[in-house]
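Single-structure report; data block below.
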Amino acid sequence: EDTPSRFLYELGLDLGISGDDKYSDFVLKNTYEEKEVVYDEEFEIKYPIFPTTLKTLIECPKKYYFSKVLNIINEEESEDEFFGNIFHESMREAVKEKFSSYEEYYEKLKEKIASKISDKKLLFDVMVKWDEKIKKFCKQDFEDLTGVLKIETEEKKRFFYNGIELAAVVDRIDEKEDEVVLIDYKTSKNAETYERYPYEFQTTFYYLWAKEKFPDKKIKTVIWDINEGKKIEGIIKKDILKEAKLSLYANRLKFIATKMGDILKKTAMSANIKEREDFSCAIFDKNGNLITNAPHIPVHLGSMSSVTKSI
């Protein structure tokens with residue numbers, strides 16, 4: 001039973017301190033108090049921007065705000081994510097070694113994976129599901145490694161594209177004499193569908209960085225779909241990225257206009273500005289046309305453009 005029977009108390013025995021009594025104060029002290037979180041539309045984007053970050057910004061700015069600005073993160077890990085993390089870590093170690101056959105490569109990779117799963121039942125379940133898929137991957141990848149002069153793994157690459165700082169973690173970079181292959185491992189389902197999705201920019205970021213780094217070599221991006229046992233050619237989405245860039249600039253300019261208002265209110269001597277917030281801030285182009293405005297007093301904005309043009 002979770003609690004002692006009442007008959008034990010009648011015997012007059014010292015039952016000690018219960019777990020509830022012993023740890024309740026400790027748990028109470030180390031439990032975060034629930035707080036109401038309010039979404040603020042005027043938030044600052046953190047740079048550099050990674051592919052998944054850009055996807056989130058386009059699809060759901062609120063999700064970006066809560067996860068990246070407020071650091072509210074879902075800590076639950078799915079089954080695919082669990083194996084995906086182990087596979088990435090195991091590949092990072094295994095690919096650095098030399099193999100005389102794909103069978104040797106396959107056995108070494110399995111050994112690396114097994115060393116990272118201490119639960120025997122869990123390891124059994126993983127091998128039942130993934131063993132043949134790992135073998136198929138190793139057979140093809142062993143052939144692909146022929147002619148590779150240099151291998152980099154799990155490399156974080158930062159670069160600028162049209163004035164915006166971007167970054168990506170490349171699972172593997174195979175540098176050959178006249179070609180560079182950038183590989184992204186996928187263990188989740190529907191890898192090919194994800195790559196076709198307009199806002200999946202992983203391979204696009206890979207390509208943009210590599211094209212700048214290796215201007216004289218052919219650049220190839222590959223999604224290695226471990227689940228289906230096949231390679232998928234990366235889709236370069238420059239046009240969609242240009243559209244996303246405009247959204248990023250708009251956010252940056254609106255944030256600047258909002259911060260202008262914050263500083264004006266903080267430093268103002270006038271009660272009209274400091275207390276009543278009777279002011280507006282906006283950004284204009286060189287011809288006086290309105291580019292963006294902060295959400296202050298909208299009634300000012302109709303005349304601000306005319307006034308700015310006359311200066």
Side-chain angles (χ1 to χ4, degrees), residues 48-52 54-55 84 87-106 108-109 112 133-162 164-188 190-242 244:
I49 296 176
F50 288 81
T52 51
L54 183 56
K55 178 184 174 184
F87 183 84
H88 278 73
E89 189 177 344
S90 301
M91 276 300 300
R92 186 172 66 245
E93 297 172 4
V95 80
K96 294 178 181 178
E97 301 186 22
K98 300 293 183 182
F99 308 103
S100 58
S101 65
Y102 88 84
E103 290 92 349
E104 187 181 346
Y105 183 15
Y106 161 64
K108 177 58 69 173
L109 182 54
K112 297 288 184 185
K133 296 175 181 181
I134 293 170
K135 188 174 185 178
K136 189 175 182 179
F137 161 77
C138 289
K139 187 173 184 179
Q140 176 64 60
D141 198 47
F142 179 75
E143 294 177 10
D144 293 341
L145 286 169
T146 304
V148 174
L149 305 176
K150 180 182 177 183
I151 296 176
E152 292 184 74
T153 58
E154 297 287 330
E155 289 290 328
K156 179 180 177 181
K157 303 300 183 183
R158 299 173 70 151
F159 61 100
F160 282 87
Y161 178 68
N162 288 347
I164 296 178
E165 188 179 11
L166 305 176
V169 177
V170 187
D171 290 345
R172 195 172 99 203
I173 304 170
D174 292 353
E175 188 177 343
K176 301 181 180 181
E177 188 172 344
D178 59 351
E179 182 183 51
V180 175
V181 183
L182 299 100
I183 301 170
D184 185 40
Y185 306 124
K186 293 291 185 188
T187 55
S188 56
N190 304 315
E192 190 166 6
T193 303
Y194 286 135
E195 180 60 13
R196 290 175 181 169
Y197 183 64
Y199 302 138
E200 284 290 344
F201 293 110
Q202 193 83 17
T203 51
T204 301
F205 277 33
Y206 288 0
Y207 176 85
L208 292 173
W209 169 80
K211 200 65 181 172
E212 183 181 298
K213 178 71 174 177
F214 306 99
D216 300 325
K217 292 190 176 186
K218 180 185 175 183
I219 306 301
K220 184 178 179 181
T221 60
V222 171
I223 300 290
W224 235 119
D225 185 348
I226 311 299
N227 197 52
E228 294 295 328
K230 64 180 181 179
K231 292 184 293 182
I232 304 163
E233 186 176 348
I235 301 172
I236 311 306
K237 304 163 186 169
K238 283 187 180 180
D239 292 339
I240 300 173
L241 189 58
K242 287 178 182 177

- Message: Pair Phe205, Val170 - check side chain to side chain contact (heavy atoms under 4.5 Å, CB included), show working.
- Response: CA-CA 9 Å; Phe205 277 33; Val170 187; over 6 Å; no
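- Note on Glu152 versus Lys157: salt bridge recorded, some NZ/NE/NH1/NH2 to OD/OE distance being below 4.0 Å.
- Between Val169 and Phe50, some side-chain heavy-atom pair lies under the 4.5 Å cut-off.
- Neither side chain, Glu233 nor Thr221, offers a donor N or O lying under 3.5 Å from an acceptor on the other.
- Listed by chain and number, the residues in a side chain to side chain donor-acceptor pair (under 3.5 Å) with Asp141 are Tyr105, Arg172 (sequence neighbours excluded).
- A donor-acceptor pair shorter than 3.5 Å cannot be found between the side chains of Lys186 and Asn227.
- Here the side chains of Glu154 and Glu89 are not in contact, with every heavy-atom distance at 4.5 Å or above.
- In the displayed structure, Lys211 atom NZ is contacted under 6.0 Å by more than 12 heavy atoms of other residues, nucleotides or ligands.
- Here the side chains of Trp209 and Leu166 are not in contact, with every heavy-atom distance at 4.5 Å or above.
- Here Leu54 contributes atom CG and Gln202 contributes atom CD; the two are 11.5 Å apart, rounded to the nearest 0.5 Å.
- Here the side chain of Glu179 pairs no donor or acceptor atom with the backbone of Ile219 at under 3.5 angstrom.
- The minimum heavy-atom distance between Leu109 and Cys138, with the atom names listed, is CD2-SG, 3.7 Å.
- Using a distance-only test at 3.5 Å, with no hydrogens or angles considered, no donor-acceptor pair links the side chain of Thr153 to the main chain of Ile173.
- Checked against side chain to side chain donor-acceptor pair (under 3.5 Å), Arg158 has the following partners two or more places apart in sequence or in another chain: Glu165.
- Between Lys136 and Gly229, the shortest heavy-atom contact is CE-O, 3.5 Å.
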- Task: Dump the intermediate steps for salt bridge (Lys or Arg N to Asp or Glu O under 4.0 Å) on Glu177 and Lys218, then the final yes or no.
- Result: CA-CA 10 Å; Glu177 188 172 344; Lys218 180 185 175 183; over 6 Å; no
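- With a 4.5 Å cut-off on side-chain heavy atoms, Met91 and Val95 count as touching.
- Classified by interplanar angle (parallel below 30°, tilted 30° to 60°, perpendicular above 60°), the ring pair Tyr197/Tyr199 is perpendicular.
- A donor-acceptor pair under 3.5 Å is absent between the side-chain atoms of Lys231 and the main chain of Asp225, judged by distance alone.
- Shortest non-hydrogen contact noted between Thr203 and Glu195 is OG1-OE2, 2.6 Å.
- Within the 4.5 Å cutoff, the side chain of Tyr207 has no heavy atoms near those of the Lys220 side chain.
- Using a 4.0 Å cut-off between a side-chain N of Lys or Arg and a carboxylate O of Asp or Glu, Asp171 and Arg92 do not qualify as a salt bridge.
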- With side chain to side chain contact (heavy atoms under 4.5 Å, CB included) as the test, would you mind laying out the steps for Ile223 and Tyr185 before giving the verdict? CA-CA 6 Å; Ile223 300 290; Tyr185 306 124; over 6 Å; no
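- Counting only distance, with no hydrogens or angles, the side chain of Lys217 and the backbone of Lys176 share a donor-acceptor pair below 3.5 Å.
- Considering only heavy atoms from C-beta on, Pro198 comes within 4.5 Å of Ile240 through its side chain.
- How far OH of Tyr161 is from CD1 of Ile49: 13.5 Å, rounded to the nearest 0.5 Å.
- Lys139 pairs by the salt bridge (charged side-chain N to carboxylate O under 4.0 Å, His left out) definition with nothing, not counting sequence neighbours.
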- Item | Intermediate values then yes/no, side chain to side chain contact (heavy atoms under 4.5 Å, CB included), Ile226 and Trp224 | CA-CA 6 Å; Ile226 311 299; Trp224 235 119; 4.0 Å; yes
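- In this structure, Thr204 and Pro51 have side chains that are not in contact, with every pair of non-hydrogen atoms separated by 4.5 Å or more.
- Rounding to the nearest 0.5 Å gives a distance of 11.5 Å between OH of Tyr206 and CD of Glu155.
- Separation of atoms CG (Leu208) and CZ (Phe160) is listed at 14.0 Å; rounding is to 0.5 Å.
- The minimum heavy-atom distance linking Gly84 with Thr187 is given by the pair CA-OG1, 3.3 Å.
- For the atom pair CZ of Phe137 and CG of Asp144, the computed distance is 8.5 Å after rounding to the nearest 0.5 Å.
- Using a distance-only test at 3.5 Å, with no hydrogens or angles considered, no donor-acceptor pair links the side chain of Asn190 to the main chain of Thr193.
- The residues Lys108 and Glu93 are annotated as not salt-bridged, no charged nitrogen and carboxylate oxygen being separated by less than 4.0 angstrom.
- Using a 4.5 Å heavy-atom threshold, the side chains of Lys96 and Ile151 count as separate.
- Around OH of Tyr194, the count of heavy atoms belonging to other residues, nucleotides or ligands within 6.0 Å does not exceed 12.
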- Query: Can Asp174 and Val180 be said to form a side chain to side chain contact (heavy atoms under 4.5 Å, CB included), step by step?
  - Reply: CA-CA 6 Å; Asp174 292 353; Val180 175; over 6 Å; no
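- Rounding to the nearest 0.5 Å gives a distance of 12.0 Å between OH of Tyr102 and CD of Gln140.
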